[in-house]
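What follows is a set of notes on a single structure, which appears directly below.
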Amino acid sequence: KAGVTQTPRYLIKTRGQQVTLSCSPISGHRSVSWYQQTPGQGLQFLFEYFSETQRNKGNFPGRFSGRQFSNSRSEMNVSTLELGDSALYLCASSFDLGGRTGELFFGEGSRLTVL
Amino acid sequence: GENVGLHLPTLSVQEGDNSIINCAYSNSASDYFIWYKQESGKGPQFIIDIRSNMDKRQGQRVTVLLNKTVKHLSLQIAATQPGDSAVYFCAEILGTALIFGKGTTLSVSS
């Protein structure tokens with residue numbers, strides 16, 4: 001069974017630009033979550049989607065957005081990039097986190113560097 | 001602020017020793033905790049979970065203990081191996097989000 005696939009794995013952007021990251025969940029998984037990981041703040045929840053609907057959102061500015069498609073694939077977008085947005089962005093999928101399972105399956109992440 | 005935290009940022013052990021990684025939480029209403037392992041260059045990997053109606057749960061070479069009185073949980077790894085070297089996070093569920101602690105880096109030497 002293929003794992004969670006994230007693209008691109010690495011990217012470099014400059015301040016003010018925008019970026020779109022993609023995530024393909026494990027087949028059959030309908031919940032997709034996004035997390036930001038930095039050395040200073042650790043792992044922080046961005047948002048969670050289920051059946052194309054955002055069910056939960058973390059404490060991030062509106063520059064961070066996401067969406068989920070009918071095939072459960074998800075994208076997240078960061079607009080007007082700032083230096084502090086440099087981070088590893090992790091996508092995770094589960095069959096349904098609403099069922100109160102903490103077992104998420106993470107991808108290897110997209111490492112974004114903002115110059 | 002964060003609900004979940006860890007006592008020590010690093011832990012070094014010898015191969016074959018038992019490892020204990022600790023985590024404290026502040027929200028008395030928290031009722032479900034999870035441990036994740038993150039190896040270098042990879043995403044976090046689920047290890048084990050425990051609900052508040054349990055004090056202890058065992059997996060393969062791992063045991064999680066939950067002390068609700070002092071709001072503390074720990075992950076015990078038996079016969080630690082070099083492959084156990086990683087960063088370990090405890091987490092709790094808030095709605096449909098996982099709230100992670102800062103993490104403990106476990107280093108295993110042969």
Side-chain angles (χ1 to χ4, degrees), chain A residues 3-7 9-10 21 23-26 29-51 53-60 66 68 87-111, chain B residues 1-10 21 23-27 29-54 57 59-60 62 64 66 73 75 86-105:
Chain A
V4 176
T5 304
Q6 292 188 245
T7 57
R9 290 292 313 280
Y10 303 91
L21 308 178
C23 172
S24 293
I26 291 173
H29 284 190
R30 300 167 66 189
S31 170
V32 174
S33 304
W34 288 89
Y35 291 81
Q36 182 196 64
Q37 186 172 29
T38 60
Q41 298 299 316
L43 277 157
Q44 292 188 291
F45 171 75
L46 281 158
F47 24 65
E48 187 255 347
Y49 289 88
F50 179 81
S51 292
T53 300
Q54 185 182 88
R55 287 198 300 193
N56 203 350
K57 188 178 190 301
N59 189 26
F60 278 82
Q68 186 181 33
L88 180 67
Y89 290 89
L90 291 158
C91 171
S93 74
S94 69
F95 185 71
D96 183 359
L97 191 56
R100 297 277 290 172
T101 172
E103 185 172 6
L104 303 189
F105 295 82
F106 282 85
E108 295 190 324
S110 293
R111 183 164 296 281
Chain B
E2 287 197 355
N3 293 327
V4 185
L6 286 170
H7 292 298
L8 293 174
T10 61
I21 300 171
C23 181
Y25 63 95
S26 58
N27 187 353
S30 299
D31 63 353
Y32 182 25
F33 302 91
I34 311 98
W35 283 97
Y36 276 84
K37 169 188 180 183
Q38 186 175 24
E39 297 177 63
S40 181
K42 296 185 178 181
Q45 179 182 12
F46 173 89
I47 302 173
I48 193 169
D49 58 2
I50 188 167
R51 299 182 189 272
S52 60
N53 60 351
M54 303 174 71
R57 191 168 188 213
Q60 187 174 11
V62 296
V64 56
L66 176 62
L73 67 158
L75 177 71
V87 181
Y88 290 81
F89 297 92
C90 62
E92 63 172 337
I93 283 183
L94 184 65
T96 57
L98 286 185
I99 307 302
F100 286 89
K102 288 289 189 185
T104 291
T105 299

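Chain identifiers are assigned alphabetically (A, B, ...) following the order of the sequence lines, protein sequences preceding nucleic acid strands; residue numbering begins at 1 within each chain. In what follows, every heavy atom counts, from backbone to side chain, and hydrogens, waters and symmetry copies are set aside. This structure is a prediction, so every number in the text was calculated from the model and none was measured.
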Nearest non-hydrogen partners of L90(A) and G43(B), listed with the distance: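 Of all heavy-atom pairs spanning L90(A) and G43(B), the closest is CD2-CA, 4.0 Å.
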
Closest heavy-atom pair and its distance - Q37(A), F89(B):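 Nearest heavy atoms, Q37(A) then F89(B): NE2-CZ, 3.7 Å.
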
Side chain / backbone / both / neither for Q38(B) at chain A, heavy atoms under 4.5 Å: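 For Q38(B), side-chain heavy atoms alone lie under 4.5 Å from chain A.
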
Pairs involving residues 32-41 of chain B, ordered by first then second residue, that meet salt bridge (charged side-chain N to carboxylate O under 4.0 Å, His left out) (sequence neighbours left out):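 Listed once each, the pairs are K37(B)-E39(B).
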
Contacts of F45(A) that satisfy ring pair (Phe, Tyr, Trp, His ring centres under 6.0 Å) - sequence neighbours left out: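 Checked F45(A) against ring pair (Phe, Tyr, Trp, His ring centres under 6.0 Å); matches are Y35(A).
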
Any donor-acceptor N/O pair, K42(B) side chain to G107(A) backbone, under 3.5 Å: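 No, because the side chain of K42(B) does not come within donor-acceptor range (under 3.5 Å) of the backbone of G107(A).
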
Working to the nearest 0.5 angstrom, can you tell me the gap between [X] [atom1] and [Y] [atom2]?
X: N56(A); Y: L94(B); atom1: CG; atom2: CG; answer: 7.0 Å
X: Q45(B); Y: E103(A); atom1: CD; atom2: CD; answer: 9.5 Å
X: F106(A); Y: F46(B); atom1: CZ; atom2: CZ; answer: 11.5 Å

Minimum side-chain heavy-atom gap S31(A)-T96(B) below 4.5 Å: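 Not in contact.
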
Over 12 foreign heavy atoms within 6.0 Å of CG, N59(A):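 Open.
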
